[in-house]
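Below you'll find the structure, written out as structure tokens, and then a few comments.
Numbered from 1 within each chain, the chains take letters A, B, ... in sequence-line order.
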Amino acid sequence: MTTYAPLTLHVPEPAVRPGGTPDFSNVKIPKAGAVPRPDIDVDPESIRDLAFSIIRVLNRNGEAAGPWAGLLTDEELVEGMRHMMTLRTFDARMLIAQRQGKTSFYMQHLGEEAISCAFRKALSPGDMNFPTYRQAGLLIADGYSMVDMMCQVYSNSRDPLKGRQLPVMYSSKEHGFFTISGNLATQYVQAVGWAMASAICNDTKVAAAWIGDGSTAESDFHAALVFASTYKAPVILNIVNNQWAISTFQGIARGGSGTFAARGLGFGIPSLRVDGNDYLAVYAVAKWAIERARLNLGPTLVEYVTYRVGAHSTSDDPSAYRPKTESDAWPLGDPIIRLKNHLIMRGAWSDERHKQAEAEILDTVIAAQKEAESYGTLHAGGKPSARDMFDGVYAEMPPHLRRQRQQAGV
Amino acid sequence: MTTYAPLTLHVPEPAVRPGGTPDFSNVKIPKAGAVPRPDIDVDPESIRDLAFSIIRVLNRNGEAAGPWAGLLTDEELVEGMRHMMTLRTFDARMLIAQRQGKTSFYMQHLGEEAISCAFRKALSPGDMNFPTYRQAGLLIADGYSMVDMMCQVYSNSRDPLKGRQLPVMYSSKEHGFFTISGNLATQYVQAVGWAMASAICNDTKVAAAWIGDGSTAESDFHAALVFASTYKAPVILNIVNNQWAISTFQGIARGGSGTFAARGLGFGIPSLRVDGNDYLAVYAVAKWAIERARLNLGPTLVEYVTYRVGAHSTSDDPSAYRPKTESDAWPLGDPIIRLKNHLIMRGAWSDERHKQAEAEILDTVIAAQKEAESYGTLHAGGKPSARDMFDGVYAEMPPHLRRQRQQAGV
Amino acid sequence: MPRMTMIEAIRDAMDVMMARDQRVVVFGEDVGYFGGVFRCTAGLQQKYGKTRCFDAPINEAGIVGAAIGMASYGLHPCIEIQFADYMYPAYDQIVSEAARLRYRSNGEFTCPLVIRMPTGGGIFGGQTHSQSPEALFTHVSGLKTVVPSNPYDAKGLLIAAIEDPDPVIFLEPKRLYNGPFDGHHDRPITPWSKNDLGEVPSGHFTLPLGKASIVREGAAVTVLAYGTMVYVAQAAAAETGVDAEIIDLRTLLPLDMETITASIKKTGRCVIVHEATLTSGFGAELAALVQEACFFQLEAPIARVTGWDTPYPHAQEWDYFPGPARVGRALVETMEA
Amino acid sequence: MPRMTMIEAIRDAMDVMMARDQRVVVFGEDVGYFGGVFRCTAGLQQKYGKTRCFDAPINEAGIVGAAIGMASYGLHPCIEIQFADYMYPAYDQIVSEAARLRYRSNGEFTCPLVIRMPTGGGIFGGQTHSQSPEALFTHVSGLKTVVPSNPYDAKGLLIAAIEDPDPVIFLEPKRLYNGPFDGHHDRPITPWSKNDLGEVPSGHFTLPLGKASIVREGAAVTVLAYGTMVYVAQAAAAETGVDAEIIDLRTLLPLDMETITASIKKTGRCVIVHEATLTSGFGAELAALVQEACFFQLEAPIARVTGWDTPYPHAQEWDYFPGPARVGRALVETMEA
Ligand SMILES: Cc1ncc(C[n+]2csc(CCOP(=O)(O)OP(=O)(O)O)c2C)c(N)n1
Ligand SMILES: Cc1ncc(C[n+]2csc(CCOP(=O)(O)OP(=O)(O)O)c2C)c(N)n1
Ligand SMILES: [Mg+2]
Ligand SMILES: [Mg+2]
């Protein structure tokens with residue numbers, strides 16, 4: 001009989017840890033424009049390789065290249081850039097506010113702004129997103145009131161959610177933004193159910209599910225893919241791969257598959273990877289996937305390759321687990337700078353206009369913040385009442401809750 | 001703006017329902033011997049097509065063909081056939097016993113005998129199976145006492161599990177057979193954990209996880225693949241695709257992927273499909289996968305293509321949801337007949353020897369049954385005590401349970 | 001009035017609602033073409049088409065999760081979990097999502113969803129086909145929990161549940177599907193066709209969620225029970241001769257404390273019966289509430305008769321099941337205390 | 001004796017056990033290189049290598065499921081669920097598998113497994129970082145449930161849990177990680193380094209699972225509490241002047257009924273305090289047991305002071321949290337009843 005060497009457990013590790021030199025040489029990045037654009041009714045089997053590539057439009061010179069380019073006008077691109085800048089400014093202000101003790105917690109989008117901002121523009125009114133906590137761009141790009149957002153962050157007297165939810169867990173039916181759950185991945189399959197309902201009702205609305213790289217490991221991810229695949233639900237299954245899940249690098253969730261998009265292959269779902277820091281590429285792929293859904297061709301899985309430049313949340317300090325300069329080494333650059341360069345190259349933008357826009361946006365955000373703070377912050381000023389705490393557990397308050405509210409004396 | 005046609009929900013349906021003519025023309029069956037046998041350390045990416053083919057050894061003429069053939073001696077094959085015949089006879093007797101009211105419930109293997117019987121022979125002592133309720137061949141082929149199995153089925157005074165478990169939910173650590181759970185899929189990821197433990201301890205034992213086609217839809221299936229892929233656990237991930245999950249055809253679990261083996265592709269796990277009614281093919285593929293695991297090359301996913309000829313369980317009547325003659329039309333034949341023909345062709349067997357073996361086996365099974373029944377059946381004769389019910393909830397009985405046992409007066 | 005089994009009454013409730021309301025959809029494992037392993041949805045796919053009644057993949061989290069998405073869209077899903085023992089994979093979706101959707105979105109998104117599941121033992125189903133997990137639902141704010149004990153109630157309560165704007169857990173004691181069962185497993189069984197409670201109005205009618213029913217009036221001791229235990233309690237009262245007032249709770253949450261309190265103020269004694277394990281079972285909550293509301297009227301400790309704190313065994317089913325002998329003993333002891 | 005925070009004591013318990021026993025492995029989300037979001041496992045990977053302490057994918061069912069497989073192999077996993085609020089996806093593995101392995105295999109396969117999870121509110125964590133799901137564990141036969149309230153207990157109980165041959169749920173009140181907390185959120189916080197209970201022996205020692213501790217002797221009323229509520233109860237007693245005997249249960253299951261009963265037979269009154277929602281909370285079981293064991297000694301209804309039956313809100317955290325004012329009121333009312 002053969003004798004075998006002892007087994008050993010493989011525990012994946014990121015290439016570099018604090019103290020080391022950032023290294024993304026393992027991230028294979030195809031040239032902008034290199035990946036073909038398949039027909040909308042393509043056989044998923046024939047585009048398996050798209051799950052292992054990266055669809056890119058903007059090249060290093062800021063030019064738009066290839067078959068996925070050419071969908072947006074200058075005005076639309078300028079608007080897109082304003083959305084991203086607004087989101088970044090919003091984040092910066094709320095981070096400071098949190099540090100000032102005006103709220104308990106905040107989560108920013110730094111480096112990932114293109115994804116939610118561009119995706120929103122590819123949707124139609126009536127469509128529904130089932131977002132995670134890192135897609136506020138869906139709201140900004142749809143014109144949701146920043147004051148309302150801030151009131152939610154502050155849990156103040158005008159908080160649309162009456163102080164019940166953790167900051168950034170927004171909800172806006174009107175803006176196609178499903179109430180965020182703090183529990184990871186749970187909403188991925190709800191998005192599929194919502195899309196199935198649209199099909200059952202013979203409507204034309206589509207749903208977009210959102211999840212992070214780390215959260216694809218959750219079992220609800222599987223439930224979503226099974227249901228989407230079986231019932232060909234009109235849903236876009238978005239995976240935002242920002243390389244990190246708190247302190248855990250994406251290799252722990254991804255394991256031996258080269259990419260997260262590969263997960264879709266086992267379900268016969270067309271699975272694409274896209275440069276998540278490229279507004280044009282995100283928009284183009286989103287458009288393609290949304291069109292497929294709306295034409296009843298079923299689900300599409302999209303992996304957005306990006307990098308979480310900031311901390312996971314205000315409770316996190318990434319210098320404990322990754323090199324401080326890792327984000328500088330990230331090869332896909334910054335989504336705002338890349339779009340800015342493209343617009344300048346197109347002659348539709350300039351450094352001065354950019355500075356001016358920055359100033360304007362800062363003013364707008366500060367004005368919103370002033371207004372929001374006039375309605376209170378977490379520990380000061382107006383706040384939701386204790387009575388609000390008892391409302392809305394049920395449509396009609398049952399006797400035991402009424403009794404408890406009485407006991408609470410509110 | 002484009003106007004879109006109303007969406008519609010796609011609900012998959014089997015090709016035929018009762019009243020229709022069975023039709024398996026959609027099942028593409030490659031020739032025996034046609035599928036190559038990759039090197040044991042093959043790059044999973046390079047054998048993706050194996051997830052869409054079927055590895056077969058025995059052809060229509062009963063010959064063994066191709067690169068997966070030639071692993072077993074005549075004696076081993078005869079032994080394998082005896083195991084399958086024993087399992088089939090065991091099932092037949094227990095089915096009758098259930099109908100006679102000697103137990104509450106039974107589940108048979110009809111048509112699927114090759115899978116567990118052949119797989120067990122490819123394992124080594126110390127390896128562990130995490131089976132479902134349809135792999136009793138793992139016990140039969142390992143020489144576990146049929147009397148003990150029957151005592152479990154009867155929940156009698158000699159039931160090794162003291163009447164606590166539903167019939168067929170065997171447990172035998174000695175025979176590498178993990179205690180079966182009535183809950184589907186839960187044990188798939190436990191198998192991965194067990195395999196990880198073997199690697200953590202630098203042992204050389206491997207684990208085999210088992211699941212049915214329908215149960216791959218469960219979320220724990222995903223958990224298992226994620227953990228197996230990430231930690232390269234020494235585990236074989238078996239999927240028994242017998243076409244049905246109670247009344248539900250496999251298309252509901254499978255959705256748009258062509259096969260169940262395809263599920264492994266998204267995890268970088270080598271994924272093979274094999275003719276589950278071909279003892280030689282099952283053995284060969286099991287051997288390959290087990291060798292990979294033991295050489296620390298990580299997990300392998302194997303889909304066994306077979307057909308559940310009998311009812312799901314004694315509580316089920318399949319004529320309500322599929323044509324009565326569907327099993328006759330099943331293109332992969334019967335595992336016992338196919339192995340018998342092969343052995344006869346090899347000159348190692350004959351019709352007479354087969355009949356004789358049948359008679360011998362029946363005698364052995366009847367003798368075991370007599371002995372088992374002498375220890376009681378569910379409603380008559382010896383039975384586990386009510387005291388047994390209170391034991392083993394914890395290693396040591398806590399005070400509240402002692403009090404309850406007292407109250408019960410046992 | 002037509003006579004129905006509990007299965008037929010449940011099916012009829014869904015049938016009535018699917019006919020009245022396009023928003024009602026039904027799905028679950030084996031519920032489509034086949035009509036469910038207990039046949040509760042038989043014929044519905046044929047009648048309403050396969051986009052309103054269909055088979056689901058075996059993924060309870062997915063079934064509930066997809067249903068939540070549908071409910072938030074505006075549908076009213078009425079879904080089946082094949083056995084209550086298999087609801088655990090869906091527990092996160094139920095607790096963290098269905099139950100809190102309305103609250104956390106301040107009413108923007110709601111979840112009108114009914115989750116049906118067969119519950120309880122008495123059919124030799126062993127550990128994984130016998131459980132009674134009601135206490136795991138009553139602990140969760142935002143859920144309602146219903147346990148009918150007869151065909152009439154089952155239909156009226158199920159229609160009310162489907163019409164309810166919030167998630168309702170609908171637990172169906174499977175031992176009652178075909179007839180009442182008083183725990184005397186060795187005696188012949190009476191089908192619902194021979195029982196008045198098998199008389200079920202056709203068409204639409206509802207029973208309010210949150211109203212108990214007094215199934216036996218009595219002066220000596222109040223028995224709180226639901227599901228199968230309602231019949232066991234009746235047998236125990238008959239056999240011991242204890243003049244028990246037996247209350248069938250029907251809805252565990254919201255709970256009909258008015259009816260309970262009134263009865264105990266009258267009798268001064270209380271016995272609680274359920275099939276689930278004792279510790280942290282729903283009986284604990286009942287005992288806590290009763291002693292709080294009726295402390296000064298109580299003349300004896302509140303007794304609980306329940307399943308033991310062990311998994312539900314296969315062979316020892318009748319040792320585990322809280323049958324009429326055990327309930328009877330508790331009645332007598334409570335009278336003597 | 002060294003002074004430790006509760007985090008350090010918990011880490012020390014794992015450290016001691018990993019050094020003594022090769023079978024002890026530690027894993028969970030972010031517990032490897034980084035050492036856990038609450039830093040409970042900091043340094044363990046460095047010390048014991050990454051096959052004994054490692055990061056897990058974000059899949060709680062997978063974490064528990066894999067750990068069950070490891071435990072059945074012979075390891076003693078001590079795993080972390082990042083917040084108790086995220087244990088629901090693993091609930092099936094805990095209830096249907098870990099808890100029943102020994103029973104259903106008649107002892108052939110066992111599950112020596114500790115599942116640690118931070119629990120409770122008080123850190124503005126909102127609905128999904130504040131829950132106290134202990135009652136969902138105490139209802140499940142086969143599990144033990146432990147809730148330490150200070151560094152000393154945390155270490156002794158965690159070592160006992162790791163050495164236990166059966167699955168133990170180890171709930172860590174996160175509000176106590178860095179110091180005791182009596183509910184006066186507007187007052188400065190005392191760290192464990194200034195508290196005697198922060199004195200923790202180095203090396204190996206255990207406290208038995210199933211033994212409560214009397215943290216304040218008193219004659220007027222017995223308070224049953226655990227975790228954070230132990231300090232709230234102490235504050236309430238001090239502030240109302242009610243001579244309460246306060247029992248820190250430490251282990252909910254097995255429960256130390258002896259200590260409880262002895263105290264209530266002495267005081268004749270009982271107030272139960274927990275942070276979890278009221279209905280079907282563990283307080284219900286306590287009330288049911290107490291009224292059963294001490295019916296004839298009780299002079300007033302048993303009161304429960306708990307979180308309300310709503311999700312744990314963000315802004316209204318201190319309206320939800322059962323603070324010293326509410327507990328004090330219950331003490332006074334119970335004395336006056
Ligand atoms: C069910 C569940 N488990 C764990 C957590 C704690 N948690 C919050 S965010 C997070 C990391 C998520 O990473 P990823 O999915 O990559 O998203 P990202 O934060 O990078 O956008 C974890 C583990 C949670 N919220 N829910
Ligand atoms: C979690 C869970 N859900 C549902 C069931 C009920 N159930 C038992 S067997 C079965 C069908 C399983 O089909 P498959 O996985 O194909 O295995 P097969 O019976 O064909 O071998 C179902 C739905 C269960 N046992 N556990
Ligand atoms: Mg991430
Ligand atoms: Mg099957």
* **Segment of D:Gln93 engaging chain B (4.5 angstrom heavy-atom cut-off)** => side chain

* To do: Answer yes or no on whether B:Lys173 is positioned over the face of D:Phe109, meaning its NZ or CZ is under 6.0 Å from the six-membered ring centre and within 45° of the axis.
  => yes

* Structure fact -> Highest number of heavy-atom pairs under 4.5 Å with chain D among B:Gly392, B:Pro398, B:Ala223 belongs to B:Gly392

* Structure fact -> Assert top hit (heavy-atom pairs under 4.5 Å, partner chain B, pool D:Arg102, D:Arg104, D:Met70) equals D:Arg104

* To do: For B:Val206 and B:Trp194, work out which heavy atoms get closest and say how close.
  => O-CZ3, 3.5 Å

* Measure distances from D:Leu209 to the heavy atoms of chain B and classify the residue's part below 4.5 Å as side chain, backbone, both or neither. => neither

* Structure fact -> Ranking B:Val226, B:Asp388, B:Asp220 by heavy-atom pairs under 4.5 Å to chain D gives rank one to B:Asp220

* Asked: Does the pair D:Arg23/D:Asp21 count as a salt bridge with the N-to-O cut at 4.0 Å?
  -> yes

* Asked: Does the pair D:Ile169 and D:Lys144 meet the rule for a side-chain contact (heavy atoms from CB on, under 4.5 Å), with working shown?
  -> CA-CA 6 Å; D:Ile169 307 293; D:Lys144 297 180 179 174; over 6 Å; no

* Is B:Lys205 paired with B:Asp127 through a side-chain N to carboxylate O contact shorter than 4.0 Å? -> no

* Non-hydrogen atoms of chain B under 4.5 Å away: do they reach the side chain of D:Val25, the backbone, both or neither? -> side chain

* Between D:Gly49, D:Ala61, D:Ser96, D:Pro165, which shows the greatest number of heavy-atom pairs under 4.5 Å with chain B? -> D:Ser96

* Under 4.5 Å heavy-atom distance to chain D, tell me which part of B:Ser219 shows up: side chain, backbone, both or neither. => neither

* Let me know if B:Ala191 has heavy atoms under 4.5 Å from chain D in its side chain, its backbone, both or neither. => neither

* Taking atom types as modelled, find out whether B:Arg134 and B:His312 have a side-chain donor-acceptor pair closer than 3.5 angstrom. => yes

* Asked: Checking D:Ala56 against chain B: side chain, backbone, both or neither under 4.5 Å from a heavy atom?
  -> both

* To do: Could you tell me whether the side chain of B:Ser215 and the main chain of B:Asp213 form a donor-acceptor pair under 3.5 Å?
  => no

* Determine the sole option in D:Leu224, D:Thr138, D:Ile260 for which the side chain to side chain contact (heavy atoms under 4.5 Å, CB included) test with D:Leu255 is passed. => D:Ile260

* **Donor-acceptor pair, side chain of D:Tyr103 and main chain of B:Tyr394, under 3.5 angstrom** => no

* Structure fact -> Okay, B:Ile180 and chain D: the region with an atom under 4.5 Å from a heavy atom over there is backbone

* Using non-hydrogen atoms only, which part of B:Val192 is less than 4.5 Å away from chain D: side chain, backbone, both, or neither? -> neither

* Pull out the residues in residues 159-172 of chain B that come under 4.5 Å of chain D, heavy atom to heavy atom, sorted by number. => B:Pro160, B:Leu161, B:Lys162, B:Arg164, B:Gln165, B:Ser171, B:Ser172

* Would you say B:Asn156's side chain and B:Gly376's backbone share a donor-acceptor pair under 3.5 angstrom? -> yes

* Could B:Arg158 and B:Tyr375 be counted as a cation-pi pair, given that NZ or CZ must be under 6.0 Å from the ring centre and within 45° of the axis? -> yes

* Any idea how B:Phe227 and B:Tyr231 line up, ring-wise: parallel (<30°), tilted (30 to 60°), or perpendicular (>60°)? -> tilted

* Exercise: do D:Asp30 and D:Gln82 side chains pair donor with acceptor under 3.5 Å -> yes

* Asked: Given a strict heavy-atom distance threshold of 4.5 Å, which part of D:Asn59 is in contact with chain B: side chain, backbone, both, or neither?
  -> both

* B:Met389, part contacting chain D, at a heavy-atom distance under 4.5 Å -> both

* Asked: Who among D:Thr110, D:Thr51, D:Leu143, D:Asp92 has the most heavy-atom pairs with chain B under 4.5 Å?
  -> D:Leu143

* **Per-residue contact mode, B:Phe221 against chain D (heavy atom under 4.5 angstrom)** => neither

* Asked: For D:Ala276, does its backbone N or O pair with a side-chain atom of D:His274 as donor and acceptor, under 3.5 Å?
  -> yes

* Could you look at D:Asp256 and say if it's the side chain, the backbone, both or neither that has a heavy atom under 4.5 Å from chain B? => neither

